[in-house]
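Source: prediction; values computed, not measured. Proteins come first, then strands; the chains are lettered A, B, ... in the order of their sequence lines, and each starts at number 1.
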Amino acid sequence: MSVRVRFAPSPTGHVHIGNIRAAIFNWLFARHEGGAFLLRVEDTDLERSTPEAIATLLAVMEWLGLDFDEKPPLYQTAQIKRHLAAAERLLAQGDAYRDSKGGDGEAMVFRIPFDAERIPGVVEVGPVDVPVHPDVPVTVSGKGVGYAGVSAKGTPAPGGACLAGCKDLQVFAADGACLFSLAGKEEAIGRGGDSVTLPGAVRLHFTRRAITYHDLVKGEMSKPLDSMRDVVIVRSDGSPVFHLANVVDDITQGITHIIRGDDHVENTFRHIMLFVCLGATPPAYGHLPMIVNAAGKPYSKRDGDAFVGDFRDRGFLPDALFNYLTLLGWSPGDDREKMTRAELVEAFSLGRVQHASAQMDLQKLTNLNGQYIAELPEEDFIARCRERLAELDWGRAVDESLLRAVCQLMHSRLKVFADVAQWQYFFVALPEYDVKLCAKQCSDAAVVAALRSLSARLAAVTPFTAVAVEEVVAAAAAAAGLGPGKLNQPLRAAVTGTGIGAGIFETIEVIGKARTLARLQAEQWLALK
RNA sequence: GUCUCCAUCGUCUAGUGGUCAGGACAUCGGGUUUUCAUCCCGGUAACAGGGGUUCGACUCCCCUUGGAGAUGCCA
């Protein structure tokens, strides 16, 4: 059977970086295997799943080049009938029951099957004894076994298990008397509605069973059935719960491999049971480690820079972000880091995915982005800069030849497109001056005199080239008794207002004679001292 | 509390019993006809702790510590 994977986000308008990483890994896996990558829009939260939010989701995927197969995508809200039908089926089979605990009406609850052996991966662990607190009566019913454990301090600690977790259950009192034995009563209690309440019990004895599966990333996984509870699948208001909807949709879409975040490992055990009880073969699972913030904590709504759109807005290239994200929690096994899509598709495998969570490193992303920008063809680079500049009020109608000259000069040092905002001095008549910098660079009397002498000297320079300017500046510095190069930074401050940039003579050539002279003569660099 | 998962430089990672524990980002120092960046060269920096198993553990097992997730009507 060919591989079919899916990305199933709930569209909220803000696609989280962790979610999109899951999408990327699914996409990579599908492309590597030559399978299908499907999209499912889990739009059950009507409040947040607006048409705009869905459009944002699709735009982000397109931006990152995450093309999906079998359009249009599956919309979860359109599947409610299937979800509910599945719930009815479970109810009819005795794999679910109605319960009113906690809700207004009756919710529907999936029962962990007592004959759990029919679930692939369920194994018998062996007999165990669990101490219980005598102050809290033990209850045994179709909803499970209720009891209180004993904490380290000897106080009652909340406990409980699904009925299937306690095969061959026997309940004992302090004097050793057997208060209850489940053997032979499974049917009457499980589906018949019988229940018993047993005060004074101190010990539970039963055969422990566990459900296991092989995780494509983490390896063998196991969970004792007695640490599981039955699962609500339909709310008391009649709406399907995530667990049901998710599994039913995966069956509908014929998903063979589920690759998702670590936070779902716990759900996997019950999802496998749901698949089997709905007559489907459980898919293979692979759980990706989470991406955490700089503090090592999971990203929350409070963390500003965790949305994909934010990275796009700050001027990261989609290929750079894509590449960087593949490196979070995965590596090709050799020292390669900067890799093309084709190389990533070729090298990707779930077995090489990390088990532990990864921290986002903005500096490394930025560095990688700089590498991608450096490789951009000149025309492409210029186009992106123009687009970016158009967002700034002084960058809206820039001269084309000036723009090209600036781009050529600055290309190698741009790491993020948002930084073109610092190019103001190339385009305006008078730049904004860094007061502290000017005070530092242009306070010396000899420097000031040399700078003043420069406008006359420079006025005579034709053509106004970097080489010619350099000669003149060197001469001016020498005439003022300044060492070679000592006038360079003061000149930069006086002409550009900043202390950083490309070579000063090249920069001045691009700025041009007229504006250079005007800035020198305006003496803002001095007035602001 | 209980259950599940996790643990190599500051960060991302390589490593599947024998390595001077490698690379990248960051950082520090030097160079590229003395800004910043690029580029080049070099340095600092890690196996969470304790027990085992073994001739020999980063690597296998156990415990502790720390972190994350789950614990019936969020997804």
Open item on the list: Check for me whether the distance between the ring centres of H264(A) and F269(A) falls short of 6.0 Å.
Closed with: no

TODO: Return the nearest nucleotide to the side chain of Q359(A); candidates are U71(B), U11(B), A37(B).
DONE: U11(B)

Task: Charged N-O contact under 4.0 Å between K143(A) and D230(A) - done: no

TODO: Spell out yes or no: do the side chain of N367(A) and the base of A26(B) have one donor N/O and one acceptor N/O closer than 3.5 Å?
DONE: no

- [ ] Kindly state whether the pair H264(A) / A70(B) counts as stacked, where counting means centroids closer than 5.5 Å and planes tilted less than 30° apart.
- [x] no

Open item on the list: Base, sugar-phosphate or nothing for D99(A)? Non-hydrogen atoms, less than 4.0 Å.
Closed with: base

Open item on the list: On RNA chain B, compare the nucleotides closest to L328(A) and Q363(A); which residue's is nearer the 5' end?
Closed with: L328(A)

Task: R229(A), nearest nucleotide to its side chain (from U71(B), A75(B), A7(B)) - done: U71(B)

Task: OP1 or OP2 of U38(B) under 4.0 Å from side-chain N/O of K415(A) - done: yes

Open item on the list: Please name the nucleotide paired to C39(B) by Watson-Crick or G-U wobble geometry with both distances under 3.5 Å, or report none.
Closed with: G31(B)

Task: Given C3(B), A75(B), G23(B), the nucleotide with the shortest approach to the side chain of V241(A) - done: A75(B)

Task: Cationic N near anionic O, under 4.0 Å, E343(A) to K338(A) - done: no

- [ ] May I ask you to list the residues of residues 347-355 of chain A, by number, that have any heavy atom positioned under 4.0 Å from an atom of RNA chain B?
- [x] R352(A), Q354(A), H355(A)

- [ ] If U2(B) has a Watson-Crick or G-U wobble mate with both distances under 3.5 Å, name it; if not, just say none.
- [x] A70(B)

Task: Electrostatic pair D129(A):R203(A) at N-O distance under 4.0 angstrom - done: yes

Task: Phosphate-side-chain proximity, S357(A) and C6(B), N/O vs OP1/OP2 below 4.0 Å - done: no

Task: Phosphate OP1/OP2 of A26(B) contacted by K364(A) side-chain N/O (<4.0 Å) - done: no

Open item on the list: Just N and O in the side chain of R235(A): are any of them under 4.0 Å from OP1 or OP2 of C74(B)?
Closed with: yes

Open item on the list: Given C73(B), A26(B), C6(B), identify the nucleotide with an atom nearest to the side chain of A107(A).
Closed with: C73(B)

Task: W330(A) and F348(A) aromatic centres sub-6.0 Å - done: yes

Task: Base of G23(B) paired with side chain of D334(A) (donor-acceptor, under 3.5 Å) - done: no

Open item on the list: Can you list everything that forms a ring-ring contact (aromatic ring centres under 6.0 Å, His included) with H411(A)? Sequence neighbours excluded, please.
Closed with: F381(A)

- [ ] Rounded to the nearest angstrom, tell me the gap between atom CG in L244(A) and atom P in C73(B).
- [x] 15 Å

Open item on the list: Can you work out whether N267(A) or G499(A) has the more 5'-proximal nearest nucleotide on RNA chain B?
Closed with: G499(A)

